[in-house]
Amino acid sequence: MNILLLSLILCLSIFSLIAKDLLHAVIALSAISILSALLFTFLKAPDVAITEAAVGTGVSTIIYVWAIRHTKRKDGDK
Amino acid sequence: MRKAKLLKVFLTIIIITLATFPIIMSNVSWPTFTRDYLFVNALNETGASNTVSSIYLGYRLMDTLGETLVLFVAITGTMSILLNLHKHELESVKTQSTLVPEKRVKNALRTNLVEVVASKLGPIILLFGLYVMLFGHISPGGGFQGGVIFASAIVFLVLATDVKTKITNSHVLERIEAISFISLILITTYVIFFPEGFFSTIDIGSSFLSAGIIILLNIIIGIKVGTSIAVMIIAMMGGKHDN
Amino acid sequence: MIIERVLIFLIFITGFIGLIGVKNIIKKIIGLSLLNSSIVLLFILEASRIGDHAPILVGQEKNIVDPVPQALMLTAIVIGVCVTSLSLAMAVRLYKTTGSLDITIIKERIENES
């Protein structure tokens, strides 16, 4: 079970650095946070799981979306 | 050009593999000394059932104070950059903020669904955040976690239009943050000068009040972190100039 | 056991390559956040090997996992979000001043201006 979740996190992290649309990369980062929170629950660490879920999807994603809103959304333009 | 970049990436991977090779291949077992000590003594010395809370609010309180200070400095720096963004920009990169009330009805993507759902879910999440903050010593949770959930609840309440209360007003939230930060500094200064009164537990018999100063620290840290993150997000959405 | 450590090491490599090899600034900051996440995963994984139960004492006689790395990782997650927030604010400021998010174009425009 740990190996399955870790390989999913690896695939999502490779996708978030290759994506052409920056909003897709940020959503992949938020999915990495939620999968990490699930993995922390399986590893018997409930405090860290609540912190990672609340911070990764609440604060961090909002800040990234604000940054994309005020800059460009597509990668690779000149 | 591509061959040189591929060679650099390959060389980086080789060097990092050599540097972290002992960590991956080591067979030394994790030492159990701290776990044995804390299993026997943590409940009697601090009164908190949650062992992680008794570590970062009991045995290592100064680290938590340093972390709160780093959070404070980061949020202050971010807000000072984001409130002065319009002074130095070029003409081709101007954007506008989304939560200014005159522009709300003209935005095509803001429908009625977001406002109705957010105004109904906001108070429930606020109550949950206060629960996680207050019961941090006997179940998983604590000050910081409850504070972040509290900030998310305030973001929900700001997204709903017909809720104009004092709790979504940014001046009120700034004053609450200042009061809680000053009281956090005062409590830890008291702890430096009177260390034997630090672990005193109130022996009432019910499990809610059995942890003494840890409950007070949870509430103060939670309020400080929650209100400061809420002020930063309200300023990001552009709502700092009204009400 | 070794496989999980190798996977975490691969996530670390991905974050590191993203930090130094990609040209967009926001993807560099995503790489920094991935580095942080991978180290938190490594510590919590190592701490969970010596016990069976979550570290909340309800009077049982069983053995719990090690609670010290969990308390350290709470601080590490907070510091990670602080670094992300400040660096994203600086990236937006760079964009407003030069008009681009590409590192090579920003370097040219700042050298041409001064």
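Every chain is numbered from 1 and lettered A, B, ... according to where its sequence line falls, protein lines coming before strand lines.
- For chain A, the nearby part of C/L34 is the side chain; its heavy atoms alone come within less than 4.5 Å.
- Atoms CG and CD1, from A/L12 and C/I11 in turn, are 10.0 Å apart once rounded to the nearest 0.5 Å.
- Around atom CE of C/M1, more than 12 heavy atoms belonging to other residues, nucleotides or ligands sit under 6.0 Å away.
- Atom-to-atom distance recorded for C/S37:OG and A/L35:CG is 11.0 Å, nearest 0.5 angstrom.
- Between chain A and the options C/I44, C/I3, C/V65, heavy-atom pairs under 4.5 Å are most frequent for C/I44.
- At a 4.5 Å heavy-atom cutoff, the contact between A/L29 and chain C is made by side-chain atoms alone.
- Heavy atoms of A/I50 lying under 4.5 Å from chain C are absent altogether.
- Both the backbone and the side chain of C/L45 have a heavy atom closer than 4.5 Å to some heavy atom of chain A.
- The distance from atom CZ of A/R73 to atom CD1 of C/I26, rounded to the nearest 0.5 Å, is 12.5 Å.
- Separating the CG atom in C/L88 from the OG1 atom in A/T71 is a distance of 9.0 Å, to the nearest 0.5 Å.
- Taking CD1 of C/I77 as the reference point, atom OG of A/S60 lies at 11.0 Å (rounded to 0.5 Å).
- When side chains are defined from C-beta on, A/H70 counts as touching C/K96, because their heavy atoms get closer than 4.5 Å.
- In terms of heavy-atom pairs under 4.5 angstrom with chain C, the leader among A/A19, A/S33, A/A28 is A/A19.
- Within the 4.5 angstrom heavy-atom criterion, only side-chain atoms of C/S33, from C-beta onward, approach chain A.
- Here the side chains of A/I63 and C/T84 are not in contact, with every heavy-atom distance at 4.5 Å or above.
- Between the side chain of C/K27 and the backbone N or O of A/L22, no donor-acceptor pair lies under 3.5 Å.
- Counting heavy-atom pairs closer than 4.5 Å to chain A, the top residue among C/I29, C/T14, C/I56 is C/T14.
- Within a 6.0 Å sphere centred on CZ of C/F9, heavy atoms belonging to other residues, nucleotides or ligands number more than 12.
- In this structure, A/K72 and C/Y95 have side chains that are in contact, with non-hydrogen atoms separated by less than 4.5 Å.
- Within the 4.5 Å cutoff, the side chain of A/L6 has heavy atoms near those of the C/L41 side chain.
- Put simply, CD1 on C/I30 and CD1 on A/I32 are 9.0 Å apart, with the number rounded to the nearest 0.5 Å.
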